[in-house]
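Predicted model only: the values in this text are computed from it and were never measured.
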Amino acid sequence: MPESKRLFFALEIPSPLQRKIIRWRADNFAPDAGRPIAAASLHLTLAFLGEVSAEKARALAELAGRIRQPGFTLTLDDAGHWPRSRVVWLGPRQPPRGLLQLANLLRAQAARSGCYQSPQPFHPHVTLLRHASHAVALPPPGFSWSLPVTEFTLFESVFERGRTRYIPLQRWPLGGFTRKDDDI
């Protein structure tokens, strides 16, 4: 029987921005607010695929490779707390159309391939804290980071020795976006 992997499509957060977000989180959230997500694990999920066979993973990767869409700029300027899922997040106040289109394409392809997709609307976010079981004071508005999105990535989620790691397996470019180093 082929081995399955726990997979998802996501946007990577560049390392310099990861460090800025981690520093901002430390300055704005109490140490007991929840379990912090490691800098290297910060990402924005586009489509969760779940446990996928090698054959289905290849088919999904082939479909992802057919996506032709321009890049876009993502601005992280909103934060929130979902008490039911006990998650504190960072996301865009106004998600760019390109982000919504990309996520919808990937989620539709995943659903047609038999990967369960939540009926909840897509809410783009970067998880900052898990297990936030009590009310969390959110920072005042005024924070903002923008990043050019020039690619998306297929990740594997691996749980080893009590920790979850996200391993990038494959990346696909988005067209028509020129990255400037000062965008981060």
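Atom OG of Ser41 is separated from atom CZ of Arg130 by 9.0 Å, given to the nearest 0.5 angstrom. Here His123 contributes atom NE2 and Leu44 contributes atom CG; the two are 10.0 Å apart, rounded to the nearest 0.5 Å. Note that CG of Leu154 and CG of Leu169 are 5.0 Å apart. Values are rounded to the nearest 0.5 Å. The CG atom of Leu76 sits 8.0 Å away from atom OG of Ser144, with the distance rounded to the nearest 0.5 Å. Atom OG1 in Thr150 sits 9.5 Å away from atom CD in Glu12 (nearest 0.5 Å).
Of all heavy-atom pairs between Glu51 and Ser4, the closest is OE1-OG, 3.0 Å. Smallest separation of non-hydrogen atoms from Gln18 and Ala39: CD-O, 3.0 Å. Of all heavy-atom pairs spanning Ala79 and Leu138, the tightest one is O-CD1, 3.8 Å. Considering all non-hydrogen atoms of both residues, Ala61 and Gln170 come closest at CB-OE1, 3.6 Å. Of all heavy-atom pairs between Pro168 and Thr153, the closest is CB-CG2, 3.8 Å. Asn28 and Pro139 make their closest contact through OD1-CB, 3.6 Å (heavy atoms, listed as atom of the first residue, atom of the second, distance).
Put simply, the side chain of His81 gets close to the backbone of Ala132: a donor and an acceptor are under 3.5 Å apart. Remark: side-chain polar atoms of Gln117 are paired, donor with acceptor, to backbone N or O of Phe48 under 3.5 angstrom. Under the 3.5 Å distance criterion, the side-chain polar atoms of Arg25 are matched with a main-chain donor or acceptor of Ile37.
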All N/O donor-acceptor pairs, side-chain side in residues 82-101, below 3.5 Å, sequence neighbours left out:
residue : atom : partner : partner atom : Å
Arg86   : NH2  : His131  : ND1          : 3.1
Arg93   : NH2  : Asp77   : O            : 2.9

Anything under 3.5 Å between a donor and an acceptor, one on a side chain of residues 107-114, the other on a protein residue two or more places apart or in another chain? List them.
residue : atom : partner : partner atom : Å
Arg107  : NH2  : Ser118  : O            : 3.2
Arg107  : NH2  : Gln120  : O            : 3.2
Gln109  : NE2  : Leu63   : O            : 3.4
Ser113  : OG   : Gln109  : O            : 3.0

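The existence of a salt bridge linking Arg58 and Glu62 is excluded, since no basic side-chain nitrogen approaches an acidic carboxylate oxygen closer than 4.0 Å. Taking a cutoff of 4.0 Å between a charged side-chain nitrogen and a carboxylate oxygen, Glu156 and Arg165 do not qualify as a salt bridge.
Contact check for Val158 versus Thr164: no side-chain heavy atoms found under the 4.5 Å cut-off. Between Trp145 and Lys20 the shortest side-chain heavy-atom distance falls below 4.5 Å. Leu7 has its side chain out of reach of Ser157: every pair of non-hydrogen atoms, C-beta onward, lies at least 4.5 Å apart.
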Q: Any chance you could lay out the side-chain contact (heavy atoms from CB on, under 4.5 Å) test for Ile67 and Leu106, step after step, and finish with the verdict?
A: CA-CA 9 Å; Ile67 292 175; Leu106 290 167; 3.6 Å; yes
Q: Verify side-chain contact (heavy atoms from CB on, under 4.5 Å) between Val136 and Phe29, making sure each step is shown before the conclusion.
A: CA-CA 8 Å; Val136 174; Phe29 293 95; 3.6 Å; yes
Q: Walk me through it: do Phe152 and Leu174 pass the test side-chain contact (heavy atoms from CB on, under 4.5 Å)?
A: CA-CA 8 Å; Phe152 64 99; Leu174 296 172; 4.0 Å; yes
Q: Begin from the C-alpha positions of Leu46 and Leu11 and carry the test side-chain contact (heavy atoms from CB on, under 4.5 Å) through to its verdict.
A: CA-CA 7 Å; Leu46 298 166; Leu11 301 180; 3.8 Å; yes
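In this structure, Phe9 is a member of the same hydrophobic cluster as Val52, with clusters built from ILVMFWY side-chain heavy atoms closer than 4.5 Å. No single ILVMFWY cluster, assembled from side-chain heavy atoms under 4.5 Å apart, contains both Phe122 and Phe155. The hydrophobic cluster containing Leu74 also contains Leu105, counting ILVMFWY residues as joined when their side-chain heavy atoms lie under 4.5 angstrom apart, directly or transitively.
Under the ring pair (Phe, Tyr, Trp, His ring centres under 6.0 Å) criterion, His43 pairs with Phe8, Tyr166, not counting sequence neighbours.
When only modelled atom types and interatomic distance are considered, Ser146 and Thr75 share a side-chain donor-acceptor pair under 3.5 Å.
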